[in-house]
*Asks:* 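Quick one: the structure is below, questions incoming.
Reminder, nothing fancy here: chain letters follow the sequence lines and each chain counts from 1.
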2 protein chains.
Amino acid sequence: MEFNEKQLAIIHTAEKLFSVTGFDGTSVRDIANEAGINVAMVSYYFGSKEKLMEAVFEHRTNQMRIKVENMLQNDQYSHLDKIFMIIDEYVDKFVDRQDFHKLMMREQFNEKGTLITDLIHEVKLKNLASITKLIRAGQKSGNFAKNIDVVLMMATITGTISQIINSQRFYRETHSMTDLPAEEFNKHIRKKLSTYLKSLFKTFLTNEA
Amino acid sequence: MEFNEKQLAIIHTAEKLFSVTGFDGTSVRDIANEAGINVAMVSYYFGSKEKLMEAVFEHRTNQMRIKVENMLQNDQYSHLDKIFMIIDEYVDKFVDRQDFHKLMMREQFNEKGTLITDLIHEVKLKNLASITKLIRAGQKSGNFAKNIDVVLMMATITGTISQIINSQRFYRETHSMTDLPAEEFNKHIRKKLSTYLKSLFKTFLTNEA
DNA sequence: CCGAATTAATTAAACGTTTGTTTAGTTTTA
DNA sequence: TAAAACTAAACAAACGTTTAATTAATTCGG
């Protein structure tokens with residue numbers, strides 16, 4: 001599915017507002033006003049509010065998948081370096097697309113299976129498979145410890161990043177950065193999260209339990 | 001503020017429904033039906049839906065605070081053991097009160113400061129102070145590494161637990177536990193998270209960067 | 001200990017808004 | 001001139017809250 005400019009404008013404002021006020025907390029009139037269009041255009045282009053939400057996810061699906069295919073068989077990097085690259089990819093995705101990821105982390109908590117939760121689930125499974133492959137290779141070559149639960153690892157990576165980015169106010173206040181412009185804060189937190197998560201997993205992965 | 005039985009019944013069903021469908025996704029009529037009362041009782045007892053939400057948090061505030069006062073000056077345990085106890089306390093809280101914590105993790109993402117976000121913020125600050133005190137003591141005695149950002153540590157602990165518990169379906173499916181009764185799953189995940197987080201932080205805290 | 005008086009608890013119905021969506025018509029583009 | 005884009009208005013349903021009336025519980029002087 002490809003969207004025209006008008007549709008993309010609606011998708012982007014919807015993404016923004018959904019991330020701030022939540023799906024149920026945002027009315028189609030809110031979106032229409034913010035996007036400077038008529039209310040009826042949402043139904044006209046997307047059919048319903050629900051389908052607009054699906055369009056947001058459809059549009060950002062690539063943002064969820066970590067790309068590791070080429071990297072996996074590149075012998076230039078150590079297994080640990082490859083894990084580090086994956087960490088950086090997660091950090092970059094979350095920092096670059098904060099609205100969407102806040103949306104996704106919220107949606108992920110929904111218990112009943114919808115088209116969107118299924119989509120998230122599917123991508124998570126694929127990412128899990130990629131990382132597992134890498135971890136197993138590292139274990140086989142003797143670099144990584146045994147008994148590593150990759151699902152827990154993923155939970156730590158995404159959970160930590162989400163916790164910092166999505167409740168940013170707490171980090172900013174405790175680090176005297178309340179009024180730091182978004183761009184500078186992003187630069188700071190990118191480096192900070194990257195360094196922290198790498199050192200956290202380096203010792204964990206390479207030491208014996 | 002103390003609540004009578006009827007009020008507690010409303011609070012508990014509200015907590016449950018808010019955690020499943022979200023605050024905006026839950027109507028006061030949903031709550032009234034589930035609790036077997038008349039819609040007007042919510043306004044009668046709490047004034048408004050918003051104030052009912054605040055009552056839920058007021059009722060569970062103790063659940064958020066980690067208690068470390070006595071423990072901190074107990075020389076029977078090592079600094080690392082004390083950190084381990086804090087980890088277990090977080091794990092237990094999240095597992096025992098899943099509904100409330102899902103609610104809280106969602107609410108924490110709200111950007112505009114409400115009475116509830118302020119409350120969460122306040123408790124997080126207190127917990128941060130307790131843990132920081134402990135970490136600094138461990139560093140002074142030479143047991144812990146330097147340059148530990150306690151805010152990031154907290155983010156990893158709560159973020160990891162939340163990620164596993166609140167999107168439980170993913171963990172269950174990848175571990176062949178789809179139909180495991182809640183009680184047995186809770187027992188399993190309690191042990192699993194505790195062991196994992198301890199080993200994750202043990203190496204991180206005690207090794208040099 | 002009782003029955004009248006008072007307060008608290010509970011109800012069904014109605015209130016005015018807001019909700020997502022549709023309709024029917026108009027303007028713009030192809 | 002036919003199709004696409006866009007609009008204001010209307011739609012019924014759902015929303016949070018209030019009202020007015022009724023039932024249950026509590027208080028209290030005799």
*Asks:* Can you list everything that forms a side-chain contact (heavy atoms from CB on, under 4.5 Å) with Val39(B)? Sequence neighbours excluded, please.
*Replies:*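 By the side-chain contact (heavy atoms from CB on, under 4.5 Å) rule, Val39(B) matches Val28(B), Arg29(B), Ala32(B).
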*Asks:* What residues, two or more places apart in sequence or in another chain, satisfy ring pair (Phe, Tyr, Trp, His ring centres under 6.0 Å) together with Phe100(B)?
*Replies:*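 Phe100(B) satisfies ring pair (Phe, Tyr, Trp, His ring centres under 6.0 Å) with Phe57(B) only.
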*Asks:* For every nucleotide of nucleotides 4-19 of chain D, 5' to 3': is a protein heavy atom under 4.0 Å from its base (B), only from its sugar-phosphate (S), or from neither (-)?
*Replies:* SBBBB-B----BBBB-
*Asks:* Rounded to the nearest 0.5 Å, how far does CD1 of Ile31(A) lie from OG1 of Thr21(A)?
*Replies:*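 Answer rounded to 0.5 Å: 8.5 Å.
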*Asks:* Partners of Phe170(B) by ring pair (Phe, Tyr, Trp, His ring centres under 6.0 Å), sequence neighbours excluded?
*Replies:*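 By the ring pair (Phe, Tyr, Trp, His ring centres under 6.0 Å) rule, Phe170(B) matches His121(A).
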*Asks:* For residues 150-161 of chain B, dump all side-chain donor-acceptor pairs below 3.5 Å to protein atoms at least two apart in sequence or in another chain.
*Replies:*
| from | atom 1 | to | atom 2 | distance (Å) |
| --- | --- | --- | --- | --- |
| Thr156(B) | OG1 | Thr160(A) | OG1 | 3.0 |
| Thr156(B) | OG1 | Tyr196(A) | OH | 2.6 |
| Thr156(B) | OG1 | Leu152(B) | O | 3.2 |
| Thr158(B) | OG1 | Met154(B) | O | 2.9 |
| Thr160(B) | OG1 | Thr156(A) | OG1 | 3.0 |
| Thr160(B) | OG1 | Thr156(B) | O | 2.6 |

*Asks:* For the pair made of CZ in Phe3(B) and P in dA9(C), what is the distance, rounded to whole Å?
*Replies:*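 Rounded to whole Å, this separation is 14 Å.
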*Asks:* Write out all pairs satisfying salt bridge (Lys or Arg N to Asp or Glu O under 4.0 Å) with one or both partners inside residues 30-55 of chain A, taking only residues at least two apart or from two chains.
*Replies:*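 Listed once each, the pairs would be none.
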*Asks:* Hey, what bend do you get for the helix from dG3(C)-dC28(D) to dA30(C)-dT1(D) if you fit axes on five pairs at each end, rounded to 10°?
*Replies:*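 Comparing the axis at each end, I get an angle of 10°.
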*Asks:* Excluding sequence neighbours, so at least two apart, what forms ring pair (Phe, Tyr, Trp, His ring centres under 6.0 Å) with His79(B)?
*Replies:*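 With neighbours one apart ignored, the set is empty.
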*Asks:* According to ring pair (Phe, Tyr, Trp, His ring centres under 6.0 Å), who are the partners of Phe46(A), at least two apart in sequence or on a separate chain?
*Replies:*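 Result, ring pair (Phe, Tyr, Trp, His ring centres under 6.0 Å) vs Phe46(A): none returned.
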*Asks:* How many whole angstroms separate atom CE of Met53(A) from atom P of dT19(C)?
*Replies:*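 My rounded result for the distance is 17 Å.
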